[in-house]
**Student:** 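If you scroll down you'll find the structure; I have some questions about it.
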2 protein chains.
Amino acid sequence: MSEEPGDPRLIFALFNEIGIIEQLSRAMFEARLPKGVLVSHFAVLNHLVRVGDGRTPLELATAFQVPKTTLSHTLALLEKRGWIDMRPNPDDKRSKRVWITAEGRAFREDAIERLSPDMARMAREPVMKGVDSLVSRLAEIRQYLDGVRDAQ
Amino acid sequence: MSEEPGDPRLIFALFNEIGIIEQLSRAMFEARLPKGVLVSHFAVLNHLVRVGDGRTPLELATAFQVPKTTLSHTLALLEKRGWIDMRPNPDDKRSKRVWITAEGRAFREDAIERLSPDMARMAREPVMKGVDSLVSRLAEIRQYLDGVRDAQ
DNA sequence: ATCATATAGTGCGATATCGTATTAACTGCA
DNA sequence: TGCAGTTAATACGATATCGCACTATATGAT
């Protein structure tokens, strides 16, 4: 009656494919972004627009699942470039809140313009057919992994 | 008659999920590996065993889709730790061939032992049901991206 | 055979990522 | 209220990643 257990090697294979695709997509994105701008930079700005700004650094680190020191570094860079403002968090004096500036928004829009042709081209490829269910599937796995991690 | 084009935002979402899962899985793997050993180190040793050693550094860099300077750095570390040998390539005096040592094999086996319980546990999770078709799907996309990249 | 061009690997410098430790502020309980 | 333990952010140091440039060697055209 119990479920047939899957092959552990398939889990290895899954993360292997994901690692290589991550590598390829990152290289592809960064080839389109202006020199010196990495996906990690763009991702923060994009998140601030899509999810809304006024987040704390820790909230952002959790969202991206990166150590908070990594995010601290990224935020310092974005602030130096004038793309975000970090202001004190009135609710917690240890903390801050991150706001995207007009320049940050403009940069993000420009970056999306640069990336869109590739995205649109890929979206038309037969290999991407039914990608919505693939994304759902990956989202489930991501949520599961999130949960496992939090449980540690 | 033409195919309905997919939504470019789904492609963004796809790479976003993949990026986060990569981050999570890497953190999880590295938590199990001995201190100072990264997934990038393990991946090279694993590849040398699975695909066979005697590869050139460039072949390895291509397999992992990382810049050759990155791999050069990794190989230097693995050699310093005694896990690989780099010998001249008799077919091309510019080049080298990479051989895994007995210590390298032993380390890889030990690493797999450390990782296996997690893999086995995940393989039993309902969320991983049908993961074989997911892996196939990702492999197709990876191959497509490889091709696009080579065409540049 | 010569030479222009391409390729394999690495040195170097810039930056990213991450773990550890530190500081300041918060929280909960005596 | 006071204090112990927790938490948010960051400084710092170690290492990873990557682009650029360089050297040695290979290749292909004449």
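Chain A is the first sequence line, chain B the second, and so forth, proteins listed ahead of strands; every chain is numbered from 1.
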**Student:** Output all residues satisfying side-chain contact (heavy atoms from CB on, under 4.5 Å) with A:K68, sequence neighbours left out; order by chain, then residue number.
**Tutor:** A:L58, A:A61
**Student:** Enumerate all atom pairs, one protein N or O and one N or O from nucleotides 20-24 of chain D, separated by less than 3.5 Å.
**Tutor:**
residue, atom, partner, partner atom, Å
D:dC20, OP1, A:K35, NZ, 3.2

**Student:** List in chain and number order the residues that pass side-chain hydrogen bond (donor to acceptor under 3.5 Å, both in side chains) with A:R87, two or more places apart in sequence or in another chain; answer none if no residue qualifies.
**Tutor:** none
**Student:** Using the test side-chain hydrogen bond (donor to acceptor under 3.5 Å, both in side chains), find all partners of A:R114 that sit at least two apart in sequence or belong to another chain.
**Tutor:** A:D110
**Student:** Can you list everything that forms a side-chain contact (heavy atoms from CB on, under 4.5 Å) with A:D7? Sequence neighbours excluded, please.
**Tutor:** A:R9, A:L10
**Student:** Excluding sequence neighbours, so at least two apart, what forms side-chain hydrogen bond (donor to acceptor under 3.5 Å, both in side chains) with B:E103?
**Tutor:** B:T101
**Student:** Would you be so kind as to tabulate the donor-acceptor pairs closer than 3.5 Å made by side chains of residues 70-79 of chain B, with sequence neighbours excluded?
**Tutor:**
residue, atom, partner, partner atom, Å
B:T74, OG1, B:T70, O, 3.2
B:E79, OE2, B:M86, N, 3.3

**Student:** Listed in order of residue number, which residues of residues 44-55 of chain A have a non-hydrogen atom at under 4.0 Å from DNA chain D?
**Tutor:** none
**Student:** State which residues pass side-chain hydrogen bond (donor to acceptor under 3.5 Å, both in side chains) with A:N89; sequence neighbours excluded, sorted by chain then number.
**Tutor:** A:S95, A:R97
**Student:** Please list, in 5' to 3' order, the outermost nucleotides of DNA chain C lying under 4.0 Å from any heavy atom of chain A.
**Tutor:** C:dA16 to C:dC26
**Student:** What donor-acceptor contacts under 3.5 angstrom involve side-chain atoms of residues 34-50 of chain A, with partners at least two apart or in another chain?
**Tutor:**
residue, atom, partner, partner atom, Å
A:H41, ND1, A:L38, N, 3.0
A:N46, OD1, A:R108, NE, 2.8
A:N46, OD1, A:R108, NH2, 3.0

**Student:** Would you mind reading off the bend of the helix from C:dA1-D:dT30 to C:dA30-D:dT1 from its two end axes, five pairs each, to 10 degrees?
**Tutor:** 30°
